[in-house]
Amino acid sequence: MNISKLLRNEEETLEFGRMIGKNMEEGILVCLNGDLGAGKTCLTKGIAQGLEIEEDVTSPTFILVEEYEGRLPLYHFDVYRIDDPEELYFIGFEEYLGKEAVVIIEWSSRIEEILPIERLDIDISRTGEDEREITLSAVGETAQALLRRLKQTCSAQE
């Protein structure tokens, strides 16, 4: 099951992220992939807003993980600088995944071999200067339920 959407600018990316965040329930892992500047952090900001997080969300590139409190806790990872996926075990990565929260991982393809199967994969591709195509793919029941809710929300907005 998947959803693809063309977003014309940063505001549409934020709004789509807000819609995702509003439809999220605890225990979801979101894996974001796309080139530098594709909009991964922008989408994450929107998701955080949908989770009622009031803090400014930034990319945790140099500190690996940021924690935010909202309707649900959000743990935002950026694994761009990870050389070996095993490094994540030293910071308690598995414990983050076991919490009743939302976990978002930017550059998740770099650690794919240690990711759980149950997750929402989001691929972002630039299709123009400001345009992006976002494809969401669900693996597992929790992620599939989220995609069903998102499809209903998208249909209601059209």
Side-chain angles (χ1 to χ4, degrees), residues 1-25 27-51 53 56-66 68 70 72 74-85 87-88 93 96-97 101-158:
M1 176 184 298
N2 63 31
I3 294 175
S4 288
K5 188 153 180 75
L6 184 65
L7 304 171
R8 295 178 298 228
N9 53 46
E10 186 174 316
E11 184 51 45
E12 285 188 10
T13 303
L14 283 168
E15 184 56 38
F16 190 63
R18 283 190 283 271
M19 183 183 69
I20 293 170
K22 287 177 184 176
N23 282 281
M24 285 188 155
E25 295 177 356
I28 188 88
L29 169 63
V30 178
C31 297
L32 290 174
N33 288 292
D35 292 335
L36 283 170
K40 296 178 295 295
T41 301
C42 181
L43 185 70
T44 300
K45 287 179 181 191
I47 292 171
Q49 290 170 8
L51 292 170
I53 293 169
D56 184 37
V57 172
T58 59
S59 180
T61 301
F62 297 102
I63 56 171
L64 196 58
V65 64
E66 283 280 359
Y68 302 97
L72 295 171
L74 170 64
Y75 305 117
H76 179 204
F77 286 82
D78 183 326
V79 297
Y80 181 74
R81 298 194 184 285
I82 293 289
D83 291 321
D84 181 355
E87 292 176 43
L88 290 173
F93 179 67
Y96 282 101
L97 294 177
V102 173
V103 176
I104 297 177
I105 303 173
E106 293 189 33
W107 300 97
S108 66
S109 62
R110 298 178 64 84
I111 61 164
E112 193 161 0
E113 62 268 21
I114 67 166
L115 292 173
I117 292 175
E118 171 88 30
R119 64 183 191 249
L120 178 67
D121 289 324
I122 301 179
D123 293 305
I124 306 174
S125 302
R126 292 181 76 124
T127 56
E129 188 173 326
D130 292 325
E131 286 185 347
R132 288 144 174 77
E133 182 170 2
I134 296 185
T135 303
L136 291 76
S137 304
V139 180
E141 186 52 42
T142 303
Q144 288 177 11
L146 173 58
L147 269 194
R148 284 191 293 274
R149 288 190 301 276
L150 289 173
K151 280 187 176 187
Q152 289 174 343
T153 303
C154 286
S155 296
Q157 291 179 349
E158 293 175 355

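Computed from a predicted structure; not experimentally measured.
- Aromatic ring pairs are classed by plane angle as parallel below 30°, tilted from 30° to 60° and perpendicular above 60°; the pair F77 and F93 is perpendicular.
- With a 6.0 Å radius and a threshold of 12 heavy atoms from other residues, nucleotides or ligands, D35 has its CG atom at or below the threshold.
- Taking CG of D130 as the reference point, atom CG of L7 lies at 11.5 Å (rounded to 0.5 Å).
- Counting heavy atoms of neighbouring residues, nucleotides and ligands inside a 6.0 Å radius, atom CD of E10 does not exceed 12 of them.
- When only modelled atom types and interatomic distance are considered, E118 and T142 share a side-chain donor-acceptor pair under 3.5 Å.
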Report the C-alpha separation of L64 and L88 in whole Å, then their side-chain angles, then the decisive distance to 0.1 Å, and conclude whether the side chain to side chain contact (heavy atoms under 4.5 Å, CB included) test is met.
CA-CA 9 Å; L64 196 58; L88 290 173; 3.7 Å; yes
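- For the residue pair A101 and Y75, the shortest heavy atom distance occurs at CB-CE1, 3.4 Å.
- When the shell of 6.0 Å around CG of L36 is examined, it contains more than 12 heavy atoms from other residues, nucleotides or ligands.
- Contact annotation: the side chain of L146 approaches that of M24 to within less than 4.5 Å [non-hydrogen atoms, C-beta and beyond].
- Residues L136 and F16 meet the side-chain proximity criterion, which asks for heavy atoms closer than 4.5 Å.
- Atom CD1 of I47 and atom CD1 of I20 lie 4.5 Å apart (nearest 0.5 Å).
- Panel note: side chain R126, backbone E129; a donor-acceptor pair is recorded below 3.5 Å.
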Using salt bridge (charged side-chain N to carboxylate O under 4.0 Å, His left out), reason through E87 and R81 one step at a time and then give a plain yes or no.
CA-CA 11 Å; E87 292 176 43; R81 298 194 184 285; over 6 Å; no
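- A pairwise comparison of heavy atoms in Y68 and H76 identifies CE1-CB, 4.1 Å as the closest pair.
- Atoms CG and CG, on L150 and N2 in that order, are 12.0 Å from each other to the nearest 0.5 Å.
- Remark: R8 CZ is loosely packed, at most 12 non-hydrogen atoms of other residues, nucleotides or ligands lying under 6.0 Å away.
- Atom CD1 of I122 and atom CG of L43 lie 5.0 Å apart (nearest 0.5 Å).
- The shortest heavy-atom contact between T127 and R132 is OG1-N, 3.8 Å.
- To the nearest 0.5 Å, the span separating CZ on R149 from NZ on K22 amounts to 14.5 Å.
- Between the side chains of N33 and S108, at least one donor-acceptor pair of N or O atoms lies under 3.5 Å.
- Scanning both residues, A38 and I124, for their nearest heavy atoms gives O-CG2, 3.2 Å.
- The two atoms that bring V102 and E25 nearest to each other are CG2-O, 4.2 Å, heavy atoms only.
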After noting the C-alpha distance and the side-chain angles of L115 and I105, does the key distance pass the side chain to side chain contact (heavy atoms under 4.5 Å, CB included) rule?
CA-CA 10 Å; L115 292 173; I105 303 173; 3.7 Å; yes
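- Separating the CD1 atom in I28 from the CZ atom in R119 is a distance of 11.5 Å, to the nearest 0.5 Å.
- A pairwise comparison of heavy atoms in L14 and C42 identifies CD2-O, 3.3 Å as the closest pair.
- Residues D123 and E133 are not in side-chain contact: their nearest non-hydrogen atoms beyond the backbone lie 4.5 Å or more apart.
- Side-chain contact annotation: E106 with T41, donor-acceptor N/O pair under 3.5 Å present.
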